[in-house]
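Chain A is the first sequence line, chain B the second, and so forth, proteins listed ahead of strands; every chain is numbered from 1. On a predicted model such as this, the values are computed, not experimentally measured, just so you know.
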Amino acid sequence: MGDEGRMEKKSAVLEARLEKLQALEARGVAPFAYRYEVTDHAEGARAAYEAAEGAAAPGEAGQGARVRLGGRLVSLRAHGKSTFADLADRTGRLQLYFKADRLGEAYGLLALLDIGDWIGVEGTLFRTRMGEVTVQVDSFELLAKSIRPLPLGKEELDPETGERRVYSGFADVEQRYRQRYADLAVNAEVRELFLRRTRIVSAIRRFLDERDFVEVETPVLQPLYGGASARPFVTHHNALDMRLYMRIADELYLKRLIVGGLERVYEIAKDFRNEGIDRTHNPEFTMLEFYQAFADYGDMMRLVEELLVELVRTVTGGGTRLVYQGTEVDFTPPFRRLGYYEGLREHGHLDFEAMDDAALRDAARSLGVADVNDLSRPKLIDELFKELVESHLQQPTFIVDYPREISPLAKPKRGAPTRVERFELMVAGRELANAFSELNDPLDQRERFLAQSRLREAGDEEAQSYDEDYVRALEYGMPPTGGVGIGIDRLVMLLTDQASIRDVILFPTLRPEQEGS
RNA sequence: GCGCCGGUAGCUCAAUUGGCAGAGCAGGGGACUCUUAAUCCCAAGGUUGAAGGUUCGAUUCCUUCCCGGCGCACCA
C-alpha cells in the first residue's frame, strides 16, 4: 500500500497504537529493533526449571536459572505496580512477571506495550504462588511494535482436563485464509497443522532419498503442456515473444531424465490447472512424482504401499490406522488390488462389455453425468467407473489395469493389449496416487499422441498435446520405468483429517478483496 | 456455472411484527505489587458488504452486484 488514497480508515485502536509509537520514540525507545540474543525458549525453559526443581532438596528450589527469551506478547494483566503477561514463541507460552521495584524506571515502558508486540526478556525462573513457572523479568526490550490489533482470543486452561479454551478468537474463515499470518499468529492448532504438513513432506523426501532417488527441478513454464489431462494456464514471454504454459504435470520432463540415465528421480513441486475451485481443488497444488528405472507398476505399487505405511506411522506415532472425517481407514499392507473392469462389474453391476454406446450413455445420464453425448466410449466407461466404483472405496485399494484409450502414457498390459499397466490408489473415496509402467516404445508413443490429437480436433480440450521432443527422447531409449504421481495436498488432508484443501494450503487461491472492505 | 446459507464496532456475537443498532473481549482514562478469560469504576467506539427500490420509518422486505461457506456440476 503506502498510497494514502488507498489506506483504509484507521480504527481507534490503530490510532492509539500509532500514538504509543510516537511516545516510545519520544522516550528514545526504538520501536523496531535489529536483533536480540535469544538463548532460551518457553517450553525448554519450563522443562529445565521443573527438572531442576525435581532434583533439588525440598525447600531449595527457589532460585531458578537465568533465561533470555524472544516472543510475542499474547496476554497482559496489569495490576498497578506489577504486571503479569504471557509470552508466546514457537515452542509455546511462558508467563512473565514484571515488578516496579525490580525494574525501576523501565517499568513505565510497559504502559506503551500492547498485545501483539514482539519483545525480548531476560530474567530468572520461579514458581508463583498459584504454581505457574514464570520469568521474573529483570530487563526487557521492545523488538517490534504491533500497530494493528491481532484478533487474539482469551485463553483458559481447564484445571481439570488441561484443555485449552479460547474465547472470542479468530473464526471468520474468509479472513483466516486471506490473512493467514494472523491465523497462524493466533491459532496454535493452525501452526501445528502446517508443521505437520512440513513433517510429512520431509518424511517423503527422506523415504525417497534413502532409496537413492535424486530430487530434481523441471520447467514450470513450458512451450507444450502434457503429462495429464487438464486445461492449463497460459502466459507469454516478452523477450521470446512466445506463448508459454504453466505446467499441469512434471511427467514428461522427469522421464526425459530417465532417458538421460538418472535412473531414479523425483520432484515435489507446484502444478497448475485452470479449473474450478472447491474443497479438493486449488488452481496451484503440490505434486510429487517419482520415476524408477527397471521397475514396473507392480514394483511401484509395493513402493507406494511402503511409503504410505511409513507416512501413516509418522502421523499416528507408529500406527497403521487413522480416522478421516469419521471413517477409520486401515493402511495395514497389502492393500486390496481390484481390476478396473472387475471393479465395474462387481461394484457397478454393469456388464458394460455387452452394452452398446447408447446403453452406456443412458446409464451415465441416469447417474447424473453431464454432457454424455460428447463422450467417447472409453470416457463414458470411465465416468461410470468414477460414479459407481471410486467414490465407494473407503479402504486403500489399488485399481489396476486401465483402458488404453484414457492412458496415453502407459505401457500395454502384458497379455491384454486393450488395457495398460496402470494403477490408481483410492482412499476415502478419492484418488491418492496414479502410476504406470511407463510407455517407452517411441513408435507406440507417437501413435498414442496422434490418437490424442484426433480427440483434440474432435473438441476434447483436455486431450494431451503431441510432444515431438518427448518422442525424440524415447527414440534414444528409455529403460523400463515405473512412475508414480501423488497429490501432496490431498495426501496431507487425509493424514491430518482436514475436509478442505484450503486448510492445508498456507495461502489458498481466493478472489481479490474488495476495495475498502 | 446453478442452488442454499452468511457478511452488523478491531475480534466474537445479539437486535421481537419494519420503530432511537446492543453486549462481551480488545482499545482509551482511573484504582490496584502473585494475576492468569485478573478484578473494579468511567468514557468512547458503527456508511449494518455495495448500489438501488418499497415505506412516515429498513440491520429487518424487494432487486442487482461483491466476497465467503456448504452442496451440485466440472476436475486431480
Side-chain angles (χ1 to χ4, degrees), chain A residues 8-17 19-20 74-86 93 95-103 107 111 114-116 126-132 134 136 146-159 164-179 182 186 228-231 248-249 271-283 285-287 368-371 383 386 390 424 426 430-434 461-462 485-491 493 499-502 508 510-517:
Chain A
E8 63 194 284
K9 200 187 65 173
K10 288 187 194 75
S11 71
V13 182
L14 229 97
E15 293 279 12
R17 296 219 178 166
E19 279 168 25
K20 285 184 187 176
V74 292
S75 172
L76 264 174
R77 300 178 296 281
H79 304 75
K81 294 192 173 60
S82 78
T83 297
F84 284 92
D86 293 333
R93 290 178 171 219
Q95 182 168 259
L96 308 177
Y97 186 42
F98 301 84
K99 280 177 81 168
D101 51 13
R102 211 173 164 103
L103 287 160
Y107 188 84
D114 289 290
I115 287 173
F126 75 110
R127 200 180 271 281
T128 63
R129 251 174 246 158
M130 297 302 288
E132 182 160 347
T134 300
Q136 169 83 256
S146 167
I147 296 306
R148 184 180 293 273
L150 273 177
L152 255 171
K154 295 206 166 190
E155 295 190 2
E156 180 183 41
L157 279 180
D158 190 302
R164 206 166 54 92
R165 274 201 296 273
V166 179
Y167 298 85
S168 63
F170 188 38
D172 184 321
V173 177
E174 178 180 350
Q175 293 310 319
R176 288 184 41 224
Y177 294 149
R178 289 194 192 283
Q179 303 187 39
V186 153
S229 300
R231 282 152 61 186
I248 58 170
D271 287 348
F272 307 85
R273 298 191 185 174
N274 206 341
E275 278 149 11
I277 297 177
D278 63 27
R279 71 183 205 293
T280 59
H281 296 82
N282 197 62
F285 61 102
T286 304
M287 191 71 164
V369 175
D371 304 325
E383 289 297 334
K386 284 178 177 168
E390 286 193 357
E424 289 193 5
M426 305 301 306
R430 283 193 206 137
E431 177 195 327
L432 200 63
N434 182 19
E461 284 187 72
E462 295 187 343
I486 296 178
I488 295 295
D489 312 279
R490 290 183 179 180
L491 174 67
M493 286 169 69
S500 171
I501 199 168
R502 294 182 201 93
L510 298 173
R511 284 195 167 85
E513 273 178 290
Q514 282 170 276
E515 193 82 7
S517 67

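Among the protein residues, A/R502 comes within range of the sugar-phosphate backbone only, with heavy atoms under 4.0 Å from sugar or phosphate atoms but none that close to a base. Residue A/Y177 is in sugar-phosphate contact alone, with no base atom involved, counting any heavy-atom pair closer than 4.0 Å across all strands shown. Within 4.0 Å of A/G169, counting heavy atoms only, lie sugar-phosphate atoms of the nucleic acid but no base atom. Counting non-hydrogen atoms under 4.0 angstrom, A/D489 reaches nothing in the nucleic acid. Heavy atoms of A/R430 sit nowhere under 4.0 angstrom from any nucleic acid atom. Residue contacts for A/A100: at a heavy-atom cut-off of 4.0 Å it reaches no nucleic acid atom on any strand shown. Residue-level contact check: A/R231 touches neither bases nor backbone, having no heavy atom under 4.0 Å from any strand. Note on A/A230: nothing from the nucleic acid sits closer than 4.0 angstrom, heavy atoms only.
For the pair A/S500 and A/N282, both in contact range of RNA chain B, the more 5′-proximal nearest nucleotide belongs to A/S500. Map A/P149 and A/D101 each onto its nearest nucleotide of RNA chain B; the residue landing nearer the 5' end is A/P149.
Looking at A/D172, its side chain has no donor and acceptor atom pair within 3.5 Å of the base of B/rC11.
For A/R102, the side chain to side chain contact (heavy atoms under 4.5 Å, CB included) partners are A/K99, A/T124, A/Q136, A/D138, not counting sequence neighbours. In this structure, the side chain to side chain contact (heavy atoms under 4.5 Å, CB included) partners of A/E431, at least two apart in sequence or on a different chain, are A/E424, A/M426, A/N434. Remark: A/T286 pairs with A/R197, A/I268, A/K270, A/I488, A/D489 by the side chain to side chain contact (heavy atoms under 4.5 Å, CB included) rule, at least two apart or across chains. Under the side chain to side chain contact (heavy atoms under 4.5 Å, CB included) criterion, A/A100 pairs with A/K81, A/Y107, not counting sequence neighbours.
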Please tabulate the protein-to-nucleotide N/O contacts below 3.5 Å involving nucleotides 34-36 of chain B, giving atom names and distances.
unit_1: B/rC34; atom_1: O2'; unit_2: A/R129; atom_2: NH1; d: 3.2
unit_1: B/rC34; atom_1: O2; unit_2: A/R129; atom_2: N; d: 2.8
unit_1: B/rU35; atom_1: O4'; unit_2: A/H79; atom_2: NE2; d: 3.4
unit_1: B/rU35; atom_1: O2'; unit_2: A/H79; atom_2: NE2; d: 3.3
unit_1: B/rU35; atom_1: O2; unit_2: A/R77; atom_2: NE; d: 2.8
unit_1: B/rU35; atom_1: O2; unit_2: A/R77; atom_2: NH2; d: 3.0
unit_1: B/rU35; atom_1: O2; unit_2: A/Q95; atom_2: OE1; d: 3.4
unit_1: B/rU35; atom_1: N3; unit_2: A/Q95; atom_2: OE1; d: 2.8
unit_1: B/rU35; atom_1: N3; unit_2: A/Q95; atom_2: NE2; d: 3.1
unit_1: B/rU35; atom_1: O4; unit_2: A/Q95; atom_2: NE2; d: 2.7
unit_1: B/rU35; atom_1: O4; unit_2: A/T128; atom_2: OG1; d: 3.1
unit_1: B/rU36; atom_1: O4'; unit_2: A/R77; atom_2: NE; d: 3.2
unit_1: B/rU36; atom_1: O2; unit_2: A/Q95; atom_2: OE1; d: 3.2
unit_1: B/rU36; atom_1: O2; unit_2: A/E132; atom_2: OE1; d: 3.1
unit_1: B/rU36; atom_1: N3; unit_2: A/E132; atom_2: OE1; d: 2.6

Pairwise N/O distances under 3.5 Å, protein to nucleotides 1-6 of chain B:
none

| request: Test side chain to side chain contact (heavy atoms under 4.5 Å, CB included) on A/R77 and A/Q95 and set out the steps. | output: CA-CA 11 Å; A/R77 300 178 296 281; A/Q95 182 168 259; 2.7 Å; yes
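Across all strands shown, B/rC32 forms no Watson-Crick or G-U wobble pair with both distances under 3.5 Å. Across all strands shown, the partner of B/rG3 is B/rC70, judged by Watson-Crick or G-U wobble contacts whose two distances both fall under 3.5 Å.
The aromatic rings of A/F84 and A/Y97 sit parallel to each other, their planes meeting at less than 30°, with 60° as the upper class boundary.
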